[in-house]
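First up is the structure itself, then whatever we jot down about it.
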Amino acid sequence: MASQAGKSRLLFSGSDWDFKTLSRAYDEIEAIAIDQLHLDTYPVQMEVISSQQMLDAYSSVGMPLMYRHWSFGKHFLYNELLYRKGGRGLAYELVINSDPCIVYLMEENTMALQALVTAHAALGHNHFFKNNHLFRQWTDAGGILSYLDFAKGYIARCEERYGLAAVEAVLDSAHALMEQGVFRYHRPPKLSSEQQREGLRERLEYEERSYNDLWRTLPPVQGADNAEAGEEVLAERKKSLSLPQENLLYFLEKNSLVLEPWQREILRIVRVIAQYFYPQRQTQVMNEGCATFVHYTLMNMLFDRGRINEGTMLEILRNHSNVIFQPSFDDPRFSGINPYALGLDMMQDIQRISTEPTAEDRDWFPDIAARGDWLETLLDAWANHRDESFIRQYLSPTLIRKWRLFVLADGSDRPHYEVASIHDERGYNKIRAALAQNYDWGANRPDIQIVDVDLLGDRHLRLQHKVKDGVLLDNESRDATLRHIRSLWGYEVSLASVDAETDATLSERWTKDC
């Protein structure tokens with residue numbers, strides 16, 4: 001009788017599942033997540049898909065509604081080949097930052113795995129999407145699906161009207177500029193015409209109050225008037241065009257003199273999608289760490305409550321271990337730091353510091369050590385940090401030692417690598433700062449901006465690349481990208497490489513030479 005009662009308490013038994021079992025497991029997991037972890041999520045819509053459909057989702061950047069492009073088919077064939085030959089597995093799930101949050105589950109998953117990925121995606125990722133400040137600032141979860149539906153239909157109509165080759169040519173150029181097609185910082189709203197007139201009136205009143213007739217008695221400086229006039233024209237031109245401009249797609253969409261209205265709309269579509277993915281590039285460690293911490297914690301809570309049995313828990317732990325596996329640097333499988341592993345370790349370390357701190361932890365983290373409320377600290381971190389700031393603030397000496405982290409100096413003027421910092425008292429801060437810098441998306445992408453264009457003259461578009469640490473752009477990809485810009489702009493384009501510290505021009509490349 002006791003065994004029968006224990007069995008009846010289980011959410012499921014065995015590997016088979018049906019939709020009723022999925023619904024029952026989700027309700028239980030969600031109740032614990034809300035009551036115990038205080039998660040705040042969008043409503044969830046779960047879809048079960050096949051491996052072929054998952055491969056298709058891979059090819060179109062994971063979005064359920066996406067326009068057609070030849071590159072998506074290329075990615076599909078590549079991933080399918082690896083999957084069929086056993087060179088790569090498929091994700092257990094796919095989650096969309098939308099409202100409602102859409103979670104795709106693989107139909108080949110066992111019920112234990114379905115419960116794991118439900119906790120991971122439907123609760124962990126979902127909470128992070130809804131609450132992290134970057135996603136709240138840059139994405140419209142409630143509108144993205146309807147926008148993608150519009151984009152897919154619009155581009156399909158353009159293909160019918162203008163031809164597949166013409167549409168793909170615009171998409172090719174727009175895709176080439178996607179990383180340079182985002183705003184990294186919110187800009188202040190443009191002044192209304194009334195506000196502009198008010199500002200002009202205030203400036204004129206100030207000039208009248210500060211005018212002194214004695215200035216006209218000074219002898220004129222030769223050439224000064226022309227120089228000042230030229231500087232004023234340049235300043236006014238840059239102001240009217242909002243230069244310098246970091247978002248190349250935005251500038252081309254608004255100012256190109258050769259694009260048709262339908263081509264401008266395609267640039268806008270690509271730009272909106274690029275901006276949508278902007279937060280995800282900066283929060284991979286935090287996003288995956290949050291989801292992994294949530295699924296690990298919830299599955300253990302289910303087991304402790306007798307809702308899943310030992311066999312289910314062993315299967316969950318095996319899959320969990322595969323997800324957080326971190327190969328050593330000399331392992332052939334090593335491809336960098338596993339964001340799942342680093343994120344989970346850091347969040348579990350915050351939990352340890354909050355409940356069982358060492359003397360070292362008290363020195364490094366006086367605000368959270370021994371407070372006991374680790375959940376409040378994690379909820380605050382999930383809401384207010386990106387990868388770079390999270391690592392810079394919470395990576396502990398304990399984890400630095402556990403991961404055996406060190407810093408390599410590889411200056412171009414040195415014949416060999418040099419181990420500059422190791423995991424000891426003198427190296428902790430340098431290692432933490434160096435690792436955080438690696439996750440600063442803005443600092444590790446080329447800083448390319450449009451700095452000038454004379455629309456009333458030769459319409460020559462001038463770009464500038466700020467060179468950091470002597471790292472220049474790859475010649476081949478630089479020339480190819482300049483040709484794409486030239487096709488969208490319609491006139492001559494040049495790119496000057498300028499040293500970020502000295503402002504000295506290192507080189508300049510024109511499209512006529514590409």
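Index from 1, following the sequence.
One finds no salt bridge joining D18 and K20 here, because no Lys/Arg side-chain nitrogen approaches an Asp/Glu carboxylate oxygen to under 4.0 Å. Ionic pairing of R386 and D440 is present here: one or more N-O contacts between side-chain nitrogen and carboxylate oxygen are shorter than 4.0 angstrom. Electrostatic pairing of D447 and K468 does not count as a salt bridge here, judged by no charged N lying under 4.0 Å from a carboxylate O.
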Show your reasoning for whether side chain to side chain contact (heavy atoms under 4.5 Å, CB included) applies to L11 and T312. CA-CA 11 Å; L11 285 172; T312 298; over 6 Å; no
Give the C-alpha distance, both sets of side-chain angles, the deciding distance and a yes or no for side chain to side chain contact (heavy atoms under 4.5 Å, CB included) between L463 and L248. CA-CA 10 Å; L463 283 73; L248 273 58; 3.8 Å; yes
F390 vs M347, test: side chain to side chain contact (heavy atoms under 4.5 Å, CB included). Steps then yes/no. CA-CA 10 Å; F390 182 62; M347 291 165 194; 4.1 Å; yes
For F293 and Y296: C-alpha separation, side-chain torsions, deciding distance, then whether ring-ring contact (aromatic ring centres under 6.0 Å, His included) applies. CA-CA 5 Å; F293 180 89; Y296 183 77; 8.0 Å; no
Checking side chain to side chain contact (heavy atoms under 4.5 Å, CB included) for the pair T481/E179: CA distance, chi angles, key distance, verdict? CA-CA 11 Å; T481 304; E179 285 204 357; over 6 Å; no
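Distance CG/N475 to OG/S477: 8.0 Å, rounded to 0.5 Å. To the nearest 0.5 Å, atom CD1 of residue I450 and atom CD1 of residue I485 are 7.0 Å apart. Interatomic distance, Q351 CD to M346 CE, rounded to the nearest 0.5 Å: 14.0 Å. Rounding to the nearest 0.5 angstrom, the gap separating the CD1 atom in I269 from the SG atom in C158 is 7.5 Å.
Judged by distance alone, with hydrogens and angles left aside, the side-chain atoms of N132 form no donor-acceptor pair with the main-chain N or O of F128 at under 3.5 Å. Within the 3.5 Å criterion, the main-chain N or O of N444 finds no donor-acceptor partner in the side chain of N438. Remark: side-chain polar atoms of N287 are not paired, donor with acceptor, to backbone N or O of H125 under 3.5 angstrom. Checking side-chain atoms of S256 against main-chain N and O of L488 turns up a donor-acceptor pair under 3.5 Å. Judged by distance alone, the side chain of Q263 and the main-chain N or O of E260 form a donor-acceptor pair under 3.5 Å. Panel note: side chain D387, backbone V285; a donor-acceptor pair is recorded below 3.5 Å. No donor-acceptor pair closer than 3.5 Å links the side chain of Y250 to the backbone N or O of Q245. Under the 3.5 Å distance criterion, the side-chain polar atoms of W489 are matched with a main-chain donor or acceptor of R459.
No option in F135, W441, F183 other than W441 meets the ring-ring contact (aromatic ring centres under 6.0 Å, His included) test with Y278. Of the listed residues (H484, E492, R483, H460), just one forms a side chain to side chain donor-acceptor pair (under 3.5 Å) with T511, and that residue is E492. Of the residues E508, R462, Q464, R478, the one that meets the side-chain contact (heavy atoms from CB on, under 4.5 Å) test with L495 is R478.
Between W17 and F19, the two ring planes are perpendicular [angle over 60°; tilted spans 30° to 60°]. Between H120 and H295, the ring-plane angle classifies as tilted under the 30° and 60° cut-offs.
Looking at residues two or more places apart in sequence or on another chain, you find no ring pair (Phe, Tyr, Trp, His ring centres under 6.0 Å) involving F303.
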